[in-house]
Amino acid sequence: MYPEDSEVIEVLPELAESANGFARDRNQRIGIFDFEHHKVLHRQIEIEQGLKDAIENHQLAIYLQPKYRISDKSIAGYEALVRWHHPREGFISPGEFVPIAEKSSLGLELDHYVLVRVFELIASARATIRDFPPVAINITPAHFSRVDFHKLVLAGIADANIPIESVELEITEGAVMERSEEARQNLDALRSQGVRIAIDDFGTGYSSLNYLRYLGIDDLKIDKTFVDEVLTEKGKIIVKSIIDIAAAHDIQVVAEGVETAQQFELLREMGCHLCQGYLLSKPLPVDEAIELFSQQSPAQTQ
Ligand code: C2E
Ligand code: MG
Ligand code: MG
């Protein structure tokens with residue numbers, strides 16, 4: 001709209017293009033320019049382009065956050081979390097760029113990049129530490145429902161020459177519940193070969209534990225929002241029932257985002273198996289994370 005949106009005639013087509021893009025995203029036939037929408041779209045495009053470059057130029061780093069056994073505070077495994085230090089803008093959170101990447105084929109490229117990097121790091125860690133524990137990799141739901149995704153993972157594991165059990169995949173409930181037959185086939189193929197599977201952010205979707213137990217998953221990660229509430233009467237009841245039902249079906253329960261000693265103690269009393277969170281360790285650069293494991297088990301180092 002001239003002159004409300006801009007008094008500069010040359011700028012108007014760009015704004016019209018922005019309104020058009022916004023309308024298209026929402027399947028609307030008419031779009032009216034809105035500066036807030038424009039900023040969101042602009043940021044998305046910037047992130048998409050920047051991320052593409054970052055993947056090509058190997059500018060994404062992998063951090064590892066330990067998962068601890070609640071019984072003795074030993075490290076049972078790690079979760080790989082991607083980190084992007086943008087050359088100009090500094091740190092950009094995966095909470096922002098992963099959802100944007102998921103909307104396009106960039107999600108697949110990102111997952112592929114992380115898979116390969118993590119397989120390499122498992123191989124190199126195991127070269128010096130015989131029983132280096134499993135490392136979990138987050139997989140975007142769109143990727144998990146691609147035909148033959150399992151082949152990509154299994155081929156990568158074979159190429160890196162690492163044991164299948166040293167790899168875990170974290171998928172959200174939605175990735176298996178709301179998705180296709182392909183997702184189920186991938187899950188079955190990966191499970192039957194021995195790849196560990198964790199359900200991430202459990203409780204934020206719509207699945208029932210009753211259904212999940214048929215999937216043969218290994219770990220269930222209770223979403224941080226429930227852990228945050230665990231000290232309240234209601235929160236305690238919810239977390240306790242998740243732990244009890246999961247344990248009855250031999251599913252290991254991991255509490256996400258444990259930040260206080262009170263939460264930790266309560267989770268221990270309730271029989272929760274593993275815990276992850278800032279209380280015990282933040283995500284760490286790979287070298288530091290490996291060092292932490294060597295310190296706890298020097299006898300296992302070759
Ligand atoms: P997520 O898989 O549920 O990962 C847990 C997130 O919680 C991580 O955030 C982690 O740093 C953070 N966290 C862990 N402990 C605590 C705590 O005690 N307090 C608080 N406040 N936060 C804690 P991060 O690394 O920013 O990742 C956010 C999300 O982005 C992840 O959620 C995951 O869905 C996605 N993501 C991260 N890395 C990757 C990746 O390599 N590939 C894909 N596809 N997604 C990724
Ligand atoms: Mg995760
Ligand atoms: Mg999570």
Side-chain angles (χ1 to χ4, degrees), residues 47 51 54-55 58-68 75 77-86 90-122 134-146 149 152-153 156 167-175 196-205 217-230 242 252-264 267 272 274-286 288-289:
I47 289 202
L51 188 59
I55 293 173
H58 291 250
Q59 282 166 350
L60 299 177
I62 305 288
Y63 273 47
L64 296 178
Q65 186 178 33
K67 301 181 189 179
Y68 290 89
I75 296 175
Y78 293 91
E79 175 176 9
L81 293 160
V82 69
R83 292 288 174 263
W84 180 16
H85 291 276
H86 191 281
F91 177 73
I92 301 182
S93 160
E96 181 176 10
F97 69 78
V98 169
I100 294 175
E102 276 182 8
K103 286 194 203 159
S104 68
S105 63
L106 263 185
L108 307 187
E109 288 175 44
L110 176 70
D111 279 351
H112 192 236
Y113 176 92
V114 175
L115 281 168
V116 172
R117 295 283 301 271
V118 172
F119 293 162
E120 281 168 9
L121 86 80
I122 294 174
V135 180
I137 302 157
N138 292 284
I139 302 296
T140 59
H143 206 168
F144 201 77
S145 55
R146 297 245 316 188
F149 169 69
L152 180 90
V153 174
V167 175
E168 181 163 57
L169 302 182
E170 291 194 6
I171 53 179
T172 54
E173 295 162 65
R196 298 178 60 85
I197 302 285
I199 298 291
D200 205 353
D201 306 336
F202 182 75
T204 54
I217 54 163
D218 301 281
D219 292 352
L220 194 71
K221 302 188 75 179
I222 305 181
D223 191 67
K224 181 175 188 312
T225 52
F226 293 101
V227 174
D228 288 344
E229 296 286 315
V230 76
I242 297 177
Q252 194 167 233
V253 180
V254 187
E256 286 189 322
V258 177
E259 293 179 344
T260 70
Q262 289 96 312
Q263 290 171 339
F264 183 88
L267 288 161
C272 184
L274 304 184
C275 132
Q276 200 180 357
Y278 295 170
L279 174 70
L280 295 177
S281 173
K282 292 201 165 188
L284 302 168
V286 171
E288 281 177 45

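Ligands are counted one by one from 1 in listed order, and the atoms in each one are counted from 1 as well. Worth knowing before you read on, the calculation uses all heavy atoms, side chains too, and leaves out hydrogens, waters and symmetry mates.
How far CD of Gln59 is from CG of Leu51: 10.5 Å, rounded to the nearest 0.5 Å. Taking OG1 of Thr204 as the start and NZ of Lys224 as the end, the distance is 13.5 Å to the nearest 0.5 Å. Between the CG atom in Asp223 and the CD1 atom in Ile199 there is a gap of 13.0 Å [rounded to 0.5 Å]. With rounding to the nearest 0.5 Å, the separation of CG in Asp111 from CZ in Phe149 is 6.5 Å. Within the model, atoms CD1 of Ile92 and CD1 of Ile47 stand 5.0 Å from one another, a figure rounded to the nearest 0.5 Å.
For atom 40 (C) of ligand 1, a protein heavy-atom neighbour is present inside the 4.0 Å cut-off. Within 4.0 Å of atom 7 (O) of ligand 1, not a single protein heavy atom is present.
In this structure, Lys221 has no heavy atom closer than 4.0 Å to ligand 1. Contact annotation: His143 has no heavy atom less than 4.0 Å from any atom of ligand 1. Proximity of Glu79 to ligand 1 is established by a heavy-atom distance of less than 4.0 Å. Ligand 1 is approached by Val258 to a heavy-atom distance shorter than 4.0 Å. In this structure, Glu259 counts as a contact residue of ligand 1, since one of its heavy atoms falls inside 4.0 Å of the ligand.
Tyr63 has its side chain out of reach of Val286: every pair of non-hydrogen atoms, C-beta onward, lies at least 4.5 Å apart. Using a 4.5 Å heavy-atom threshold, the side chains of Val135 and Leu64 count as touching.
Distances below 4.0 Å separate heavy atoms of Thr140 from the following atoms of ligand 1: 44 (N). Near Gly277, meaning under 4.0 Å from any of its heavy atoms, are these atoms of ligand 1: 15 (N), 18 (O). Set against the non-hydrogen atoms of Gly257, the atoms of ligand 1 under 4.0 Å away are 15 (N), 16 (C), 17 (C), 18 (O). Which parts of ligand 1 touch Pro283 is read off a 4.0 Å heavy-atom cut-off, strictly below it: atoms 11 (O). Taking every heavy atom of Gln65 and a limit of under 4.0 angstrom, the matching atoms of ligand 1 come to 14 (C), 15 (N). Listed by number with element, the atoms of ligand 1 under 4.0 angstrom from any heavy atom of Asp200 are 1 (P), 2 (O), 3 (O). Shown in contact with Glu256 at under 4.0 Å from a heavy atom are these atoms of ligand 1, numbered in order with element: 3 (O). Numbered from 1 in the order shown, with element, the atoms of ligand 1 that lie under 4.0 Å from a heavy atom of Asn138 read 2 (O), 42 (N), 43 (C), 44 (N), 45 (N), 46 (C).
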Inset, instruction - Check the pair Gln252, Asp218 against side chain to side chain donor-acceptor pair (under 3.5 Å), reporting the backbone distance first and the verdict last. - result: CA-CA 6 Å; Gln252 194 167 233; Asp218 301 281; over 6 Å; no
Inset, instruction - Begin from the C-alpha positions of Asp200 and Glu256 and carry the test side-chain contact (heavy atoms from CB on, under 4.5 Å) through to its verdict. - result: CA-CA 9 Å; Asp200 205 353; Glu256 286 189 322; 2.6 Å; yes
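No N or O atom of Ile139 sits closer than 3.5 Å to an N or O atom of ligand 1.
Only the side chain of Arg83 comes within contact range of ligand 1, with a heavy atom under 4.0 Å; no backbone atom does. Neither the backbone nor the side chain of Ile62 has any atom closer than 4.0 Å to an atom of ligand 1 (non-hydrogen atoms only). Within the 4.0 Å heavy-atom criterion, the part of Val114 lying near ligand 1 is the side chain and not the backbone.
Atoms of the protein (N, O or S only) found under 2.8 Å from the Mg ion (ligand 2) are Glu79 OE2, Asn138 OD1, Glu170 OE1, Asp200 OD2.
The residue from Val230, Val253, Val258 that alone fulfils the side chain to side chain contact (heavy atoms under 4.5 Å, CB included) condition with Cys272 is Val253.
Heavy atoms only, all atoms of each residue included: Pro94 and Arg83 are closest at CG-NH1, 3.4 Å.
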Expected list for residues 97-108: side-chain donor-acceptor pairs under 3.5 angstrom, two or more places apart:
unit_1 : atom_1 : unit_2 : atom_2 : d
Ser104 : OG     : Leu106 : N      : 3.2

